[in-house]
Amino acid sequence: MAKYIDARGKACPMPVVLAKKEIDNGERNLTVAVDNEIAVGNLTRLAQNSGIVINIEKIANDHINVIFAGGAEISPEPEEAPSCSMSSGCGYAVFFGKDYVGEGDYTLGHNLAKMMLYTLSESDDIPAAVIFMNSGVKLPTSEKLDIINSISTLMEKGTEVLVCGTCLNYYNLTDKLKVGTISNMFEILEKLKSAAKVITV
C-alpha cells in the first residue's frame with residue numbers, strides 16, 4: 001500500500017522535507033497531498049532529482065495529489081562532472097537577501113544591486129547559483145527590463161536561479177515572477193551548502 005502524507009496547510013518546505021525523508025528511507029510508493037502549485041513544483045523537482053516518475057492528480061483547487069510511482073524509476077538527468085571536490089564544494093553562489101546592496105540610501109543601494117547583476121552576467125566566471133530571499137525577490141519580479149535581462153543572461157550561461165516561494169507569497173509577488181525557479185528553504189539550503197563559497201548581498 002502506498003504511503004500517504006497529507007501536507008496540506010503545511011508551510012514550505014515541509015512537504016518536500018516529509019517526502020524526502022520517506023524517499024531516503026527507501027519508500028517509492030508515495031502520495032503527497034498539497035494545496036498549492038508551488039508545492040507541486042517543489043515535489044516535482046525532488047522526484048526528478050531522485051529519478052522517480054510522478055503523476056499529478058488534481059482533486060480540487062486546495063487538494064492536489066503528487067503520486068510518486070513505485071517501480072517506475074528513471075535515471076536522473078546526467079550532469080557534467082563537477083570540477084571540484086565534495087569537501088570544498090562547487091563554484092560560488094550569490095545570495096540576495098534584499099533588493100539593494102549595502103546600507104544607506106535605498107536608491108543608491110538598489111542601483112548597486114542592478115549593477116551587480118549586470119556585472120555578474122557579463123563575467124566569464126559566473127556563479128553556480130543566484131538565490132533571492134526576503135525582499136530580494138523584488139529583483140526577479142522587477143518591472144525594470146535591465147534587471148530581468150541580466151538575470152536571464154545568467155540563466156542562459158548556466159547559472160541556477162532560485163527564488164524563495166514563501167517570500168514571493170509574503171510580498172504578493174508570485175504571479176509577477178519573470179525569471180527564475182520558485183524554490184523552498186530545503187532546496188535553497190542544499191544549494192548554499194554545495195557551494196565552495198557564498199557571497200551575501
Side-chain angles (χ1 to χ4, degrees), residues 9-17 20 36-39 41-43 45-46 49 82-201:
K10 295 188 181 297
C12 167
M14 282 307 297
V16 170
V17 171
K20 188 173 189 305
N36 62 84
E37 293 293 341
I38 292 176
N42 290 333
L43 289 167
R45 287 194 302 280
L46 173 64
N49 293 336
S83 59
C84 49
S85 68
M86 292 302 293
S87 59
S88 64
C90 297
Y92 72 99
V94 180
F95 181 87
F96 282 86
K98 53 189 187 297
D99 62 334
Y100 57 93
V101 173
E103 299 299 334
D105 184 77
Y106 173 79
T107 301
L108 172 61
H110 186 67
N111 285 334
L112 290 173
K114 179 173 68 174
M115 285 189 284
M116 177 176 282
L117 285 168
Y118 175 75
T119 303
L120 285 169
S121 72
E122 292 296 307
S123 172
D124 292 329
D125 180 23
I126 61 168
V130 176
I131 296 164
F132 299 96
M133 293 190 82
N134 209 321
S135 67
V137 301
K138 295 179 181 179
L139 292 168
T141 59
S142 175
E143 296 296 330
K144 297 178 179 177
L145 191 58
D146 47 359
I147 291 177
I148 301 305
N149 285 344
S150 293
I151 300 173
S152 296
T153 298
L154 282 168
M155 292 182 67
E156 290 167 4
K157 289 183 174 182
T159 296
E160 187 171 5
V161 175
L162 300 179
V163 186
C164 168
T166 299
C167 308
L168 288 169
N169 285 337
Y170 180 84
Y171 290 107
N172 295 316
L173 291 172
T174 303
D175 294 337
K176 296 183 179 180
L177 182 65
K178 296 177 176 63
V179 64
T181 300
I182 298 177
S183 189
N184 59 80
M185 185 64 76
F186 176 83
E187 189 175 27
I188 287 170
L189 283 176
E190 288 297 306
K191 189 60 60 176
L192 290 173
K193 288 190 294 183
S194 69
K197 64 180 178 180
V198 177
I199 299 172
T200 301
V201 178

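Summarising the geometry of L43 relative to P15, their closest heavy-atom pair is CD2-O, 3.7 Å, with the distance given to 0.1 Å. Taking both residues in full, the closest heavy atoms of P127 and L120 are given as CD-CD2, 4.2 Å, listed atom of the first, atom of the second, then distance. Nearest heavy-atom pair, I188 versus S183, reported as atom, atom and distance to 0.1 Å: CG1-OG, 3.8 Å.
A donor-acceptor pair under 3.5 Å is absent between the side-chain atoms of S142 and the main chain of K138, judged by distance alone. S121 contributes a side-chain N or O that, together with a main-chain N or O of Y118, makes up a donor-acceptor pair within less than 3.5 Å.
Side-chain atoms of F132 and I151, non-hydrogen and from C-beta on, do get closer than 4.5 Å to each other. Between I131 and V94 there is no side-chain heavy-atom pair separated by less than 4.5 Å. Taking 4.5 Å as the limit, every side-chain heavy atom of K114 sits out of range of all side-chain heavy atoms of L139. You'll find the side chain of L173 stays beyond 4.5 Å of the side chain of L177, heavy atoms only. In this structure, Y171 and T141 have side chains that are not in contact, with every pair of non-hydrogen atoms separated by 4.5 Å or more. No side-chain heavy atom of T166 sits under 4.5 Å from any side-chain heavy atom of M185. Using a 4.5 Å heavy-atom cutoff, the side chains of V161 and V179 are not in contact. Between K144 and H110, the closest side-chain pair of non-hydrogen atoms falls below 4.5 Å.
Interatomic distance, L154 CG to L117 CG, rounded to the nearest 0.5 Å: 7.0 Å. Taken to the nearest 0.5 Å, the NZ atom of K98 stands 5.5 Å off from the CD atom of E103. Rounding to the nearest 0.5 Å places CE of M115 at 11.5 Å from OG of S150. How far CD1 of I38 is from CG of L168: 6.5 Å, rounded to the nearest 0.5 Å. In this structure, N42 CG and T181 OG1 are separated by 10.0 Å, a value rounded to the nearest 0.5 Å. Atom SG of C167 and atom CD1 of I182 lie 11.5 Å apart (nearest 0.5 Å).
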Chi angles and distances behind the side chain to side chain donor-acceptor pair (under 3.5 Å) call for D99, Y106: CA-CA 9 Å; D99 62 334; Y106 173 79; 2.5 Å; yes

Step-by-step salt bridge (charged side-chain N to carboxylate O under 4.0 Å, His left out) determination, E143 to K178: CA-CA 9 Å; E143 296 296 330; K178 296 177 176 63; 3.2 Å; yes

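The side chain to side chain contact (heavy atoms under 4.5 Å, CB included) test with F95 is passed by exactly one of I199, V130, V198, V201: V198.
For the residue pair Y100/D105, the side-chain donor-acceptor check at 3.5 Å is not satisfied.
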